[in-house]
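The chains referred to below are lettered A, B, ... by the order of the sequence lines, with proteins before strands, and numbering in each begins at 1. Being a predicted model, the structure only gives us computed values, none of them experimental.
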Amino acid sequence: MVDLKQNLMNVIKQALNETFGLIVADEMIAIETPKDKEHGDYASTIALRLSKQLKSNPRDIAIKLKEKLEKEECIEKVEIAGPGFINFFMKKDSLTKIIKTIIELGDDYGRNLSGNHEKVMVEYVSANPTGDLHLGHARGAAYGDSLTRVLSFCGYDVLREYYVNDAGHQIDVLAKSLFLRYKQAFNLEVNLDEIGYQGKDVIKLANDIAANEGDKYLKVSEIEAIEYFKNIGIDLELDKIKRDLDLFRVHFDNYTSERSLYKSNKVKSTLEKLENSGYTFKNENALWLKTTDFNDDKDRVLVKSDGSYTYLLPDIAYHADKFDRGYNKLINLFGADHHGYIARLKGGLKILGYNPDNLEILIIQMVRLMENGQELKMSKRTGNAITIRELCEDVGVDVARFFFLSKTLDSHFDFDLDVARKSSSENPVYYIQYAYARMCSVLKKNSSFALKDVYKLLIEEKEISLIKSLSEFKDLVIDIARTKEIHRLTSYAYKVSNLFHSLYNEIKFIDEDNQEVTAERLALVKATSIVLKNCLNLLGVEVKESM
RNA sequence: GGCCUUGUAGCUCAGUUGGAUAGAGCAACAGCCUUCUAAGCUGUGGGUCAGGCGUUCGAGUCGCCUCAAGGUCACCA
């Protein structure tokens with residue numbers, strides 16, 4: 001079926017064509033849902049927008065259109081208001097058509113093909129395997145995961161990618177730290193200043209290794225030992241990260257390691273291509289890339305004077321490789337502390353002949369954990385930065401995910417632990433899950449809902465509001481895939497829950513004396529539960545049938 | 001100083017490609033359970049949308065300036 005909004009759009013287009021001989025795009029017509037119900041079920045500002053082009057008063061334009069628009073079957077009446085708004089009042093039963101659609105589609109309601117099977121690679125988290133995931137990673141993990149769910153729901157062919165920085169200096173620091181802690185496990189004296197990673201997690205890993213492997217790495221050469229600790233360190237840290245991500249319900253399709261880019265010669269061949277481009281130059285024995293030609297504020301070093309590579313070079317190689325793997329649409333989530341990196345990365349890609357506009361970089365602003373109105377910087381238990389695992393154990397996965405997703409990426413995020421810990425109305429997650437549980441409870445009591453094209457008995461104002469909200473879900477999802485504004489899903493889930501709770505308190509769904517009304521109302525409950533579940537599923541928040 | 005982000009009710013935040021009288025939650029106050037889960041509902045009060053100028057039929061939304069907060073400016077990753 002064609003949805004109501006699209007149908008209205010078509011009707012307006014036809015009226016414009018017949019009246020003024022104009023052909024306009026959908027975006028121009030801009031069907032809105034007015035906040036005030038006095039302004040109808042839907043409204044269009046098309047008359048205002050065309051005023052200049054038609055050199056005519058917008059009210060006059062609207063009046064000319066009105067007559068044709070009113071002939072449309074699903075429209076009850078059309079009103080011209082204010083400077084030239086066209087307000088549509090729909091026939092009640094045409095609004096209720098969506099209920100059958102929702103129930104029939106079930107889990108697939110809202111699913112669409114706006115992505116047109118386009119291949120898109122989304123890279124997020126990508127934390128170095130040198131320690132635990134902290135709250136900044138958690139925001140990125142929740143966001144990236146939800147975004148990929150939305151994109152996939154909208155018919156994009158999505159790859160979830162994690163980049164493992166396992167070749168740089170920080171891995172050497174990890175290996176050395178592990179080695180020294182390993183020595184300590186055998187009561188050998190070490191210079192504590194040489195331990196780059198002082199955290200207790202490293203001590204634990206070293207002790208585990210000592211317990212499993214014994215003292216055999218005290219007997220080999222230091223080079224051999226460090227090589228071992230490098231490999232085992234990466235493996236163990238990455239395992240830990242994967243376990244924490246699993247707890248957080250975040251799963252990747254692919255892990256690409258930096259070392260693999262070296263092994264496959266991607267880094268070297270990228271360097272050669274850059275050198276051949278004419279955009280490199282030598283200065284004080286280092287090789288520089290002239291990124292200032294591409295909006296960067298200074299040129300960047302590719303190869304240091306000691307012959308080793310900077311992080312930039314393998315990263316350019318990595319992103320070139322992403323394009324080479326057949327993805328023309330790349331999305332990266334970067335922490336706000338990396339924003340300065342964008343220009344040089346895109347510059348490098350441009351030099352290599354890729355279109356940097358196909359790489360969309362979303363910046364995640366910082367997260368602060370708040371308790372009793374004060375920033376909580378360190379875990380009281382471990383003394384380190386607070387990890388995803390600790391947060392999940394404290395407030396639960398659902399709450400953590402929902403909170404992270406409830407604000408725009410652009411906002412600096414204060415995560416309020418006090419609210420997150422409450423299992424009450426102050427906490428929106430419980431409010432929403434409770435709404436869902438109530439729906440299930442009603443349907444458990446009586447599941448004989450009616451499945452019909454129109455529901456003529458759903459005439460309460462609150463019933464109509466709820467139905468209209470349910471019909472917005474698909475457009476919302478499509479819009480979010482475009483704008484990446486995931487937080488709008490949390491607002492939507494709240495709004496639907498709110499409308500339902502309100503309705504629940506106003507009417508009885510089950511009326512033993514009126515089977516007909518009961519059957520129609522139960523259909524609305526069923527449809528609402530489907531939409532809410534689909535919405536929460538995109539957020540990665542679980543529904544509960546009872547609470 | 002350059003660049004990125006933010007500034008909306010006492011607090012935390014929404015605000016649909018610029019639209020009609022700026023909205024929620026919390027906090028405050030007053031009500032609602034013999035009834036499908038009160039983890040809920042209903043009502044009241046609360047605003048110089050940081051400030052200024054501009055763009056236009058119309059600006060919280062777009063542009064410029066000022067102020068304030070966070071981030072960032074390595075041959076680190």
What integer number of Å spans the [atom1] atoms of [N] and [M]?
| N | M | atom1 | answer |
| --- | --- | --- | --- |
| B:G7 | B:U12 | C1' | 14 Å |
| B:C36 | B:G45 | C1' | 34 Å |
| B:U55 | B:C62 | C1' | 8 Å |
| B:A59 | B:U17 | C1' | 15 Å |
| B:C65 | B:C3 | P | 9 Å |

Ignoring hydrogens and angles, does a donor from either the side chain of [X] or the base of [N] sit under 3.5 Å from an acceptor on the other?
| X | N | value |
| --- | --- | --- |
| A:His339 | B:C3 | yes |
| A:Ser305 | B:C75 | yes |
| A:His412 | B:U6 | no |
| A:Asn87 | B:A20 | yes |

RNA chain B in dot-bracket, Watson-Crick or G-U pairs under 3.5 Å, [ ] crossing, | other strand?
(((((((..((((.....[...)))).(((((.......))))).....(((((..]....))))))))))))....

Taking A:Asn427 for the side chain and A:Ala420 for the main chain, is one N or O donor matched with an acceptor at less than 3.5 Å?
yes

Distance in angstrom units between [X] [atom1] and [N] [atom2], rounded:
| X | N | atom1 | atom2 | answer |
| --- | --- | --- | --- | --- |
| A:Arg344 | B:A77 | CZ | P | 11 Å |
| A:Tyr309 | B:A74 | OH | P | 23 Å |
| A:Ile478 | B:U17 | CD1 | P | 16 Å |
| A:Tyr504 | B:U37 | OH | P | 5 Å |

For a quick test of reading the model: is some side-chain N or O of [X] closer than 4.0 Å to OP1 or OP2 of [N]?
| X | N | result |
| --- | --- | --- |
| A:Asn165 | B:C76 | no |
| A:Arg438 | B:A38 | yes |
| A:Ser406 | B:C13 | no |

Looking across every strand, which nucleic acid part, if any, lies under 4.0 Å from A:Asn498 by heavy atom: base, sugar-phosphate, or nothing?
sugar-phosphate

Remember a base hit wins even if backbone is also touched, and classify A:His501 as base, sugar-phosphate or nothing at under 4.0 Å, heavy atoms.
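Result for A:His501 = sugar-phosphate.
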
Quick check on RNA chain B: between A:Asp414 and A:Asn283, whose nearest nucleotide comes earlier from the 5' end?
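Going by which nucleotide is closer to the 5' end, it is A:Asp414.
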
Quick one: is the NZ or CZ of A:Arg368 closer than 6.0 Å to the six-membered ring centre of A:Phe415, and within 45° of its axis?
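Not satisfied by the 6.0 Å and 45° rule.
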
